[in-house]
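Notes for the one structure printed next.
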Amino acid sequence: MRWTAPPAPSDLHLPERNPAPEGGRALDARILVADDDPLVRDTLAEVLSSFGCQVDSRSDGQEALDAIKDEAYDVIFLDYRMPALNGIEVLREIVALHPEAAVVLITGEGSEEVARNAFKMGAFDYITKPLGRIEDLEIVVNQALERQRLRSENQNLRLENQGLRSLISSKYSFSNIVGGTRELRGIFDLIDRVASTRSTVLITGESGTGKELIARALHDRSGRRERPFVSVNCGALPDNLLEDELFGHVRGAYTDAVSDRPGRFEQAHQGTLFLDEIGNMSQNLQVKLLRVLQEREVTPLGSTRRVAVDVRIVAATNIDLRQMMEEKHFRKDLYYRLNVIHIKLPSLQERRSDIPILVSHFLAKFCADMRMPLKTFSPAALREMMRFPWPGNVRQLENVVERALALSGDQTLLDVADLPDEVRFAQKVHLPEIPENGETLDLSALVADFEGRLVLHALEKAEWVKSRAARLLNLKRTTLIEKMKRLGIPLRRSDREGAS
């Protein structure tokens, strides 16, 4: 901030000011003024004192530096040109000793380049000689104090969030997996027992239950922790690209192969390879993967050279691999090769008591990320979240908390209205009106209609994978199929879409 067209210092007439003017309040600040010009030094000291500030004055850079070492100042006015040490040299020391102090550089006219350099070093603002408008000086001090207040609040907020995170971490967390149910504690114990082995692990559970977190926990607790953890989503790539991704290729293997590229197996050498959505892998690739697991060697595409790999395999799926084996879609020999250690993750619906813990964890995480004060959900909102079935599991809960915070504005207490409609209205069932004119309701038809809509909803959520839909409804797969036949629901989505 530069002062405009000022009069000479000798002509500057100070208005009468009270330390705490009516309708305002004194500036509670400790200020140092360092300038070798006694008129500038005394003028600034008088003006700043009239604001209610405590002001110390020094006549050269070395005196200023000595004062800074003895006292903590909120704002420091430094003349650029001073004997002993100039303002830039003192600024450098202030940034190292008291980075929270706001430094205002005093320069002569035409010293913008000096000011720019000072900004780069950490100066807060600059003013020019000769001195001028008192109002601008008051603005500078106010802005400096406001910056310090915000910094202090942010620091307190970080400490508060760190404290909450630490509490959750120490009491309910295991390698970023939050929860305290008996099922989770059993999983944590199993991870600790098998992490140091090289045994292949199969992790099963619904989408959003944290399968990759478990895989990372296995890696982080193993002797391979210093080596790579490599993740591949087997359901995200077509067959030919997935084979290239896993095994790599040599130059000329196909048209676009302009250079050798190692596959994920080689990249994970001496580390851990996480194969997510293993149930979506084609039978052709299943055979090749089985060979690698047996021989501990890979052959890049276009090559006859075998490359030895030392990799710990962790696979994961949300599909019932046993059912896939029965339907001849997944090889039994690969299943038993993968399923040496089996970790089954419970759905969030099966560990409802963890919901308040998870909500607190996500609140602390996102409040810190968004740099906002720590917020909470009302008891009514928590009750709604405890009742909701969470088909998307922990990932869905995390998204709901993040959404509520992002839309919360200045409010610190989040209520039911801050939850998305799918959570708020999930438990609301609209009952038909009971007739009063002698007519009757067909209860069986109403129940069948509701049952049919619920089954269809579960099928859509499960993308018409019947084993997954059955789990959502807490049914056996055969029972679900019987219900679909009785309710007239086609067994395949394509049949339903064709009928519509």
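The analysis underlying the following values was restricted to heavy atoms, covering all of them including side chains, and did not include hydrogens, waters or symmetry mates. Quick caveat: nothing in here was measured; it's all calculated off a predicted structure. Numbers here are sequence positions counted from 1.
The CZ atom of F51 sits 8.5 Å away from atom CG of N142, with the distance rounded to the nearest 0.5 Å. The SG atom of C234 sits 8.0 Å away from the CG atom of L289 when rounded to the nearest 0.5 Å. Taken to the nearest 0.5 Å, the CD atom of Q267 stands 10.5 Å off from the CG atom of L246.
Side-chain contact annotation: T479 with E482, donor-acceptor N/O pair under 3.5 Å absent. For the residue pair N318/S207, the side-chain donor-acceptor check at 3.5 Å is satisfied. Side chains of Q411 and D418: a donor on one and an acceptor on the other come within 3.5 Å. Looking only at atom types and distance, the side chain of Y254 has a donor-acceptor partner in the side chain of D244 under 3.5 Å away.
Taking the six-membered ring for Trp and the full ring otherwise, the centers of H98 and Y73 sit at least 6.0 Å from each other.
Judged by distance alone, with hydrogens and angles left aside, the side-chain atoms of R468 form no donor-acceptor pair with the main-chain N or O of V465 at under 3.5 Å. D354 places no side-chain N or O within 3.5 Å of a backbone atom of I357 that could act as its donor or acceptor partner. The backbone N or O of F388 lies less than 3.5 Å from a partner atom in the side chain of R352, making a donor-acceptor pair. Distance alone, capped at 3.5 Å, places no donor-acceptor pair between the R221 side chain and the A195 backbone.
Ion pair R224/D310 flagged as a salt bridge, since at least one NZ, NE, NH1 or NH2 atom sits closer than 4.0 Å to an Asp/Glu carboxylate oxygen. K288 has no carboxylate O lying under 4.0 Å from a charged side-chain N of E295, or vice versa, which leaves the two without a salt bridge. Salt-bridge check for R486 with E451: passed, with a basic side-chain N closer than 4.0 Å to an acidic carboxylate O. Contact check on D189 versus R193 returns a salt bridge, with a Lys/Arg side-chain nitrogen under 4.0 Å from an Asp/Glu carboxylate oxygen. Classification of R351 and E183 as a salt-bridged pair fails, no side-chain N sitting under 4.0 Å from a carboxylate O. Remark: D276 does not engage K211 in a salt bridge, criterion side-chain N to carboxylate O under 4.0 Å. A salt bridge links R387 with E384: the distance from a Lys NZ or Arg NE/NH1/NH2 to an Asp or Glu carboxylate oxygen falls below 4.0 Å.
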Exercise. Can V455 and L473 be said to form a side-chain contact (heavy atoms from CB on, under 4.5 Å), step by step?
Worked result: CA-CA 8 Å; V455 168; L473 296 169; 4.2 Å; yes

**Prompt:** Given the rule in the salt bridge (Lys or Arg N to Asp or Glu O under 4.0 Å) test, do R216 and E212 qualify, once you have shown the distances and angles that lead to the verdict?
**Reply:** CA-CA 6 Å; R216 288 187 177 275; E212 185 165 353; 3.5 Å; yes

Could you walk me through whether E460 and R453 pass salt bridge (Lys or Arg N to Asp or Glu O under 4.0 Å), step by step? CA-CA 11 Å; E460 292 296 337; R453 285 189 283 122; over 6 Å; no

Test side-chain contact (heavy atoms from CB on, under 4.5 Å) on V401 and E398 and set out the steps. CA-CA 5 Å; V401 174; E398 182 179 14; 6.0 Å; no

Intermediate values then yes/no, salt bridge (Lys or Arg N to Asp or Glu O under 4.0 Å), R331 and D333
CA-CA 6 Å; R331 296 181 61 92; D333 45 6; 2.8 Å; yes

Would you please test V359 and F377 for side-chain contact (heavy atoms from CB on, under 4.5 Å) and show each step? CA-CA 8 Å; V359 169; F377 279 101; 3.5 Å; yes

Original post:
Step by step, would you call L301 with V250 a side-chain contact (heavy atoms from CB on, under 4.5 Å)?
Top reply: CA-CA 6 Å; L301 295 178; V250 296; over 6 Å; no

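Contact between A316 and L202 at its shortest, heavy atoms only, is N-CD1, 4.4 Å. Residues A72 and R30 come closest through the heavy atom pair O-CG, 3.9 Å. Heavy-atom minimum distance, C367 versus L405: SG-CD2, 3.9 Å. Contact record, W390 with M385: NE1-O, 2.8 Å, taken as the closest heavy-atom pair. Shortest non-hydrogen contact noted between Q396 and E422 is NE2-OE2, 3.2 Å. When every heavy atom of A29 is checked against every heavy atom of L145, the shortest pair comes out as CB-CD2, 3.7 Å.
Using cut-offs of 30° and 60° for the angle between ring planes, the F265 and F247 rings count as parallel. Aromatic ring pairs are classed by plane angle as parallel below 30°, tilted from 30° to 60° and perpendicular above 60°; the pair F229 and F274 is parallel.
For H342, the NE2 atom is densely surrounded, since the number of other residues' heavy atoms within 6.0 Å is greater than 12. Residue E226 places its CD atom among 12 or fewer non-hydrogen atoms of other residues, nucleotides or ligands, all under 6.0 Å distant.
Within the 4.5 Å cutoff, the side chain of K466 has heavy atoms near those of the M484 side chain.
Test V314, L293, V201 against L338 for side-chain contact (heavy atoms from CB on, under 4.5 Å) and you get one pass: L293.
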